[in-house]
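Working notes for the structure below.
A, B, ... follow the sequence lines: proteins, then strands. Residue 1 opens every chain.
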Amino acid sequence: MSNGYEPSKIENEFYKICEERKYFEVDGNKAIQEEGKNFSIMMPPPNVTGRLHIGHALTFTLQDIITRYKRMDGYKTLWQPGTDHAGIATQNVVEKQLLAEGTTKEELGREKFLERAWAWKEESAGIMTDQLRKMGVTPAWERERFTMDAGLQKSVKEAFVHLYNEGLIIRGNYMVNWCTHDGALSDIEVEHEDHNGKFYHIKYPFADGSGFVEVATTRPETYFGDTAVMVHPDDERYKDLIGKKIRLPLLQREVAIIADTHVDMDFGTGVVKVTPAHDQNDYEIGKRHDLEFITVFDEKGILNDYAEEFKGLERLEARDIIVKRLDEEGFMVKIEDHKHPVGHCYRCKNIVEPYISRQWFVRKEVANKSIEKTNNGEAQFFPPHWINSYNSWMGELRDWCISRQLWWGHQIPVFYCDDCDHEFASKDEAPSACPKCASKNITQDPDVLDTWFSSALWPFSTLGWGNGDVEMDKLFQSDDMKDFYPNTLLITGFDILFFWVARMMMMGEKFNGQLPFNHIYLHALVRDEKGDKMSKSKGNVIDPLDMINKYSADILRFTLAISAAQGRDIRMSQEKLELNRNFTNKLYNASKYLQMNVDTFPDMKGFCIETDLGRYMVSRLNLATKEVRAALDEYKFNDAATVMYRFLWNEFCDWGIELSKADKGSIVELGAIFKEAMKLLHPFMPFITEYLYHELSGTSLETSDSIMISSYPSKTKQRKEEKKFEIIMDAIVSIRRAKVLVDLANQKIEKAFVKIDGISDKDKEMMLPVSARLAKVTQVEFTEIKVENAVSDIAEKCETFIPTDSIDLSSIISKLTKQDEKLQKEVDKLNGMLNNERFVANAPEDVLVKNREALSDASSKQTKVKEQLTSLKN
RNA sequence: GCUCGAUUAACUCAGUGGUAGAGUGCUUCCAUGACAUGGAAGAAGUCAUUGGUUCAAGUCCAAUAUUGAGCACCA
């Protein structure tokens, strides 16, 4: 072990071996699988052309920890990997590439463009999954899927056609969110952000020439589509104007002044232009008042004939030109600064327009049963408060716009007959004839589905649902749906609760009659050390791959896990990584110590631990095992990691190893215990634990099984030796404290006396060499009485005396006085409680017992302190 | 505006009605044969504020303040 631990080499090698041995697959742990124990978790498919970022690192680390835990705990385990075709994102990347080559997708044509997109997908797909491998994660790679692979194309069609035939997918002309670059977007794909815009006050003259009203708008370029002007019916200022006609500025078109309570009299001028084809509210008003819907620009945002002299201009570029003309013609009253929210496309950041368009929608009723079942507790959120967000979003659910004007994606499986206009949905790739008139002239809808439509099916489409016979034998086992649906757990970020989780819930329930998950764990955001969001523009991005190179995957994983408290954002910093690097260093050195003394160590299984120290450490390991399991079962990753940090460093190293220096016979046992602890830690730090385990066993991964398919520690019983060691440790600390009093803290001293009651002679005998070694005293002696001419320390379970000629009385007196004050406080508090009749009457028995004991301990300790003080003062 | 969080040691954060916890940092000391990426001892708290429930509140309830997120939104 002398040449040190080289994480990068070990991590790559070990990963490769384990993957080749198919440990990650469903039956990778066949030898330890227990009947009826199944565990399944779906990887949220990252974008196929994406790059690993710190958020991925967190989510996949947590998923891997749970998966490895379950796999070692005897579960038949499926962690389903895959990537997402990410419609808009990927198409935009390919379009940019074309642009750089001086061409466009239109020039290329749909078929060639798709070839390009597939080629790009093939080229970059491996990058993300290779980066995942660097993290040391263990999904069942042989079952890796892509949301547009042949099988999933089938299952998407299956789902679509089913919903279509039930009338739950409909096509209609509605107002949608329109990005002039990316086309229709669903409501959640629009990000609202405050803009420092302008408020343009424009004169709208009466048609009869008798004056004007002042109308305020933030989007003057839409006024060509005005089909009314609106005031509040109760507004005294404008009451008489209702019914009057307005002639729109620069145009000959006349519109009526109508009244509607939607108007806020106190905002702006109280007069509102109504543009039903370009504003969500106006759309509703237009329908209410039976107004004309005039669309003034095309799908690319280019103004049309209605804009008359401005025809051909782009909507946003036209704004200033229009305003200038209005001003020249005397229609402009004033321009104010105005802060207001503006919707942006979540992919390209373009300003989104409300736009009337014919699109496909999934009706919101699809979700009804999933909402009901979620609230009946069929699926459980971690942390639980997320159900509130889920419910509030579900409560305001609107029809989901699923058609996208893209080429990259699942083309909508609806066909139109060119001859009889019949419309039908079909699972066939290319239906040959119209089912109504048998015409062969049929055309498929050119649009594709929202990426999230295929993602919504992920928890079951990957289990073979709707896949037909595509790669049946390779990808699936016959019982997959039975074994793995509902998925045991979903781990993902709260940022895609609506995009993805809610949609999976509705689709999963709809097609399988059961919600797709038992547990849903939503993790928080990873921020920088100051608590700021990481972003490229701020330059505060921590790249997980850099951190793996600099530290190791183990250290990155452990740091993320120990920071992952439920419901709280994670502050990531190099400092934290360094602390955990120190921890791995500690583990490495502990192994080195063990091996300096003994060459190889047995496994705990079937090995009898006989020494006092061994039995004590086993007891502590058992406690740690119990706590780690409990924490993992509740997805408290931070608690589990903290328990192991504490056990391995503060208990095993600080006490176990140190005590073993006085009892070399126990070292072989400590090694066995350490090896078991490596198994406990393995899900968090898979590589160094594997390495140390084999080092200490005298084996190697190349020639023997990995601990990742060995049984997870399960013994949780505690032993009576704990009491004994509490006393020993108390005595050692007490002697060390007493030494500080005579300024001999780290020097070896000749003699110390310890006064302990209620301990057997045999235990005393065992204590002597141990305490002498750890407290650095040549000779420790027991005493029944107080030792004169000595400094002393009063601990929980004992008193210590160090004889000395030169005692600095003042420092000792001040220490004892402080101790006395503290004890007095404690005694007072406990007395107060125990003298309170109502407390004694109401508190449970165990609390009473505990408090009585605490009181008697505290007051007997205080008595000793007081005695010391008196004798010193005399 | 509505909803959901957060507020605990100098810092980062745990905390499950029953005497307030960890790591880092700080103070003092130690290069002892696993480890200075280390070891020992210690100091450090009005649990944001104010009420309430309870024998008992950091923990439950209400209000306030500060702060973060999500949703909605005024042309």
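- Considering only the side chain of A/Phe199, B/A75 comes nearest among B/A75, B/G38, B/C55.
- Taking atom CD1 of A/Ile570 as the reference point, atom C1' of B/A14 lies 14 Å away to the nearest angstrom.
- Place A/Gln566 and A/Ile188 on RNA chain B by their nearest nucleotides, and A/Gln566 ends up nearer the 5' end.
- Minimum atom distance to the side chain of A/Glu575 is reached by B/U24, of the listed B/A75, B/U24, B/A72.
- Here A/Val263 lies in heavy-atom contact (under 4.0 Å) with a base.
- Nearest to the side chain of A/Met596, among B/G18, B/C55, B/G33, sits B/G33.
- For the atom pair CD1 (A/Ile555) and CD (A/Glu578), the distance works out to 10.0 Å, reported to the nearest 0.5 Å.
- A donor-acceptor contact under 3.5 angstrom links the side-chain atoms of A/Lys586 to the base of B/C35.
- Pairing of B/U32, defined by two Watson-Crick or G-U wobble distances under 3.5 Å, is not identified with any nucleotide.
- Note on A/Ala565: only backbone sugar-phosphate atoms sit closer than 4.0 angstrom, heavy atoms only; bases stay farther off.
- Using a cut-off of 4.0 Å between Lys/Arg side-chain N and Asp/Glu carboxylate O, A/Lys636 and A/Glu634 are scored as salt-bridged.
- OP1 or OP2 of B/A56 has not a single side-chain nitrogen or oxygen of A/Asn836 nearer than 4.0 Å.
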Determine whether A/Met678 and A/Ile688 satisfy the following criterion, side chain to side chain contact (heavy atoms under 4.5 Å, CB included), listing intermediate values before the conclusion. CA-CA 9 Å; A/Met678 290 302 96; A/Ile688 194 170; 5.9 Å; no
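- To the nearest whole angstrom, the two P atoms, one in B/U16 and one in B/A20, are 15 Å apart.
- Side-chain N/O atoms of A/Arg646 include none lying less than 4.0 angstrom from OP1 or OP2 on B/A22.
- A close approach under 4.0 Å does occur between a side-chain nitrogen or oxygen of A/Asn582 and OP1 or OP2 of B/G38.
- Look at B/A43: it lacks any Watson-Crick or wobble partner with both distances under 3.5 angstrom.
- Cation-pi check for A/Lys203 over A/Phe212 is met; the charged atom lies under 6.0 angstrom from the ring centroid and within 45 degrees of its normal.
- Looking at heavy-atom distances under 4.0 Å, A/Asp654 makes contact with sugar-phosphate atoms alone, never a base.
- Picking from B/U24, B/A69, B/A34 the nucleotide with the shortest atom distance to the side chain of A/Leu579 gives B/U24.
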Set out, in order, the CA-CA distance, both residues' side-chain angles and the distance that settles ring pair (Phe, Tyr, Trp, His ring centres under 6.0 Å) for A/Phe381 and A/Phe494, then state yes or no. CA-CA 11 Å; A/Phe381 284 95; A/Phe494 65 82; over 10 Å; no
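- In this structure, the ring of A/Tyr204 has its center no less than 6.0 angstrom from the ring center of A/Phe331.
- Taking atom C1' on both B/A72 and B/G1, the two are 8 Å apart, rounded to the nearest angstrom.
- Looking at heavy-atom distances under 4.0 Å, A/Arg737 makes contact with sugar-phosphate atoms alone, never a base.
- Base pairing of B/U49: its partner is B/A63, meeting the Watson-Crick or G-U wobble criterion (both donor-acceptor distances under 3.5 Å).
- Taking atom P on both B/U67 and B/G25, the two are 31 Å apart, rounded to the nearest angstrom.
- Nucleic acid contact class of A/Asp264 (heavy atoms, under 4.0 Å, all strands): base.
- Between A/Arg571 and B/U12 there is a side-chain N or O to OP1 or OP2 distance below 4.0 Å.
- Applying the 4.0 Å criterion to OP1 and OP2 of B/A14, one finds that A/Arg568 has a side-chain N or O inside that range.
- For A/Trp393 and B/C2, the shortest distance from a side-chain N or O to OP1 or OP2 is not below 4.0 Å.
- The A/Val272 side chain lies nearest to B/A75 when the options are B/C35, B/G38, B/A75.
- Between A/Phe558 and A/Phe684, the two ring planes are perpendicular [angle over 60°; tilted spans 30° to 60°].
- Nucleic acid contact class of A/Asn281 (heavy atoms, under 4.0 Å, all strands): sugar-phosphate only.
- Within 4.0 Å (heavy atoms only), A/Lys661 reaches at least one base atom of the nucleic acid.
- Dashed line: the shortest gap from a side-chain N or O of A/His338 to OP1 or OP2 of B/A75 is under 4.0 Å.
- Rounded to whole Å, the separation between the C1' atoms of B/A6 and B/C13 comes to 12 Å.
- The ring of A/His195 has its center closer than 6.0 angstrom to the ring center of A/His344.
- Within 4.0 Å of A/Pro844, counting heavy atoms only, lies at least one base atom of the nucleic acid.
- Judged by a 6.0 Å distance limit and a 45° cone about the ring axis, A/Lys675 is positioned over the six-membered ring of A/Tyr693.
- A distance of about 15 Å separates the C1' atoms of B/G38 and B/U24, rounded to the whole Å.
- Side chain of A/Asn585, nearest nucleotide from B/C71, B/G39, B/C35: B/C35.
- The shortest distance between the side-chain N/O atoms of A/Arg736 and the OP1/OP2 oxygens of B/A41 is below 4.0 Å.
- B/G5 and B/A57 are spaced 24 Å apart, taking the P atom of each and rounding to whole Å.
- Considering only side-chain atoms of A/Val740, the nucleotide from B/A41, B/G18, B/U37 that sits closest is B/A41.
- B/U8 and B/A48: their C1' atoms are spaced 10 Å apart (whole Å).
- Counting non-hydrogen atoms under 4.0 angstrom, A/Phe498 reaches the backbone sugars and phosphates but no base.
- Heavy atoms of A/Lys825 sit nowhere under 4.0 angstrom from any nucleic acid atom.
- Counting any heavy atom pair closer than 4.0 Å across all strands shown, A/Glu578 reaches no nucleic acid atom.
- Pairing for B/U12 goes to B/A22, judged as Watson-Crick or G-U wobble with the two contacts each under 3.5 Å.
- Along RNA chain B, the nucleotide closest to A/Ser563 and the one closest to A/Val847 are compared, and the more 5′ of them pairs with A/Ser563.
- The base of B/U19 sits with one of its N or O atoms less than 3.5 Å from a complementary donor or acceptor on the side chain of A/Glu826.
- In a base pair of the Watson-Crick type (N1 to N3 plus N6-O4 or O6-N4) or a G-U wobble (N1-O2 and O6-N3), with each distance short of 3.5 Å, B/A56 is matched with no nucleotide.
- Using a 4.0 Å heavy-atom criterion, one finds that A/Asp639 contacts the sugar-phosphate atoms exclusively.
- In this structure, A/Ile657 reaches the bases: a heavy-atom distance under 4.0 Å links it to at least one base atom across the strands shown.
- The partner of B/C71, taking Watson-Crick or G-U wobble pairs whose two distances both stay under 3.5 Å, is B/G1.
- Contact annotation for A/His340: backbone-only contact, meaning every heavy-atom pair under 4.0 Å involves sugar-phosphate atoms and none involves a base.
- In this structure, A/Lys339 is not positioned above the aromatic face of A/Phe199 in the sense of NZ or CZ being under 6.0 Å from the six-membered ring centre and within 45° of the axis.
- With distances taken from any side-chain atom of A/Arg527 to the nucleotides B/A34, B/A72, B/A69, the minimum falls on B/A69.
- On the C1' atoms, B/G70 is 41 Å away from B/U37, given to the nearest whole Å.
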